[in-house]
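All remarks here apply to the structure that follows.
Note that ligands are numbered from 1 as they come in the structure, with each ligand's atoms numbered from 1 the same way.
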Amino acid sequence: MFGEISDRYDLLNRLLSAGTDVAWRNLAVREALRPSDRRVVDLACGTGDLALALRRKAHPACTVVGMDFTAPMLRIAQRKGARNPAGSVHWVEGDGLRLPLPSGSVDLVTIAFGIRNMESLEGALREIHRVLRPGGRLAVLEFSRPGNKLVETLYYPYFLHVLPRLGALISNRSAYLYLPQSVLHFPGRRELARIMKREGFGRVRHCALSFGIAALHIGDKLPERPS
Ligand SMILES: C[S@@+](CC[C@H](N)C(=O)[O-])C[C@H]1O[C@@H](n2cnc3c(N)ncnc32)[C@H](O)[C@@H]1O
């Protein structure tokens, strides 16, 4: 599915969110990246926007990896990366549920609009936890449900009906039908924070973005896994 939407993916992101997706990714970088970070992985990087935003703000000595299991997405990321003057990103094909990375080797993992699509949310969190060093950080940027009746009354007609039609017109019908359905079935903000804690992340904090249309969750790997 992601291979089929890759060529129009950026266009639709900008169009369907009126450019807000760029601001969300920049906020994730500002909140998650620490000056001392030297090994950063943007998982499910797609066409690479978040990995490139990380590259622009990270220390020059920091290695930034963009990882995804969809080759057509990575090819677009690679092309965009070649035009990026901020330095290079390493684009790597890899599955979020079986990361090709040693345990304890990463300072920061980011994942934007990706974890919702993984076969197992817990499995992905466990794998991310494994590759982070103790004290390492995870930042999850994901669509969410506003939870406010007024906002939902205004937003859902667009999200559930207009967005899939625009997606079908410009890109792929089933992918953009799947998007709102997957958001409706994904854990809410508090529940996601609870699951992150259960999987060994501490200091888990989250904020609602754009009236709760999206959310940013950040957690740090505790030195010891809770039993
Ligand atoms: C909606 S796109 C998000 C892309 C990008 N992070 C962004 O901010 O626009 C979801 C991406 O997750 C990737 N993905 C889904 N499951 C994955 C997995 N198990 N391992 C690696 N990538 C995965 C897909 O290939 C796709 O590129």
- Message: Check the orientation of Phe159 and Tyr155. Use parallel for under 30°, tilted for 30 to 60°, and perpendicular for over 60°.
- Response: parallel
- Message: Over 60° means perpendicular and under 30° means parallel, so tell me whether His129 and Phe201 are parallel, tilted or perpendicular.
- Response: perpendicular
Counting each atom of ligand 1 from 1 as listed, which ones have a heavy atom of [X] under 4.0 Å away?
X: Met73; answer: 27 (O)
X: Gly46; answer: 4 (C), 27 (O)
X: Gly94; answer: 20 (N), 21 (C)
X: Gly96; answer: 18 (C), 19 (N), 20 (N), 21 (C)

Determine whether the side chain, the backbone, both or neither of [X] has a heavy atom under 4.0 Å from any heavy atom of ligand 1.
X: Ala124; value: neither
X: Arg25; value: side chain
X: Ile111; value: neither
X: Leu50; value: neither

Counting only nitrogen or oxygen atoms and a 3.5 angstrom limit, does [X] reach ligand 1?
X: Thr70; value: yes
X: Met118; value: no
X: Arg116; value: no
X: Phe113; value: no

Any side-chain heavy-atom pair from [X] and [Y] closer than 4.5 angstrom?
X: Cys45; Y: Leu43; result: no
X: His217; Y: Met196; result: yes
X: Tyr9; Y: Asp49; result: no
X: Met67; Y: Leu99; result: yes

Min heavy-atom dist [X] to ligand 1 below 4.0 Å:
X: Ser6; result: no
X: Asp68; result: yes
X: Asn13; result: yes

- Query: In terms of side-chain geometry, is the basic nitrogen of Arg133 or Asp107 positioned less than 4.0 Å from the acidic oxygen of its partner?
  - Reply: yes
- Query: Among protein heavy atoms, which sits nearest to atom 19 (N) of ligand 1, and what does the distance come to when rounded to 0.1 Å?
  - Reply: Asp95 OD1, 2.9 Å
- Among all protein non-hydrogen atoms, which one is nearest to atom 12 (O) of ligand 1, and what is the separation to 0.1 Å? Ala44 CB, 3.2 Å
- Message: Show, in sequence, the C-alpha distance, side-chain angles and deciding distance for Arg137 and Asp37, and conclude whether the salt bridge (Lys or Arg N to Asp or Glu O under 4.0 Å) test is met.
- Response: CA-CA 10 Å; Arg137 179 168 287 177; Asp37 288 342; over 6 Å; no
- Do Leu192 and Leu209 belong together in a cluster built from hydrophobic side chains that touch within less than 4.5 Å? no
- Note on the structure: Hits for side-chain hydrogen bond (donor to acceptor under 3.5 Å, both in side chains) against Glu119, two or more places apart or cross-chain, chain-then-number order -> none
- Message: Could you work out, for atom 9 (O) of ligand 1, the closest of Tyr9, Phe2, Phe69 by heavy-atom distance?
- Response: Tyr9
- Message: Testing the 3.5 Å rule here: is there a donor-acceptor pair between the side chains of Thr63 and Arg39?
- Response: no
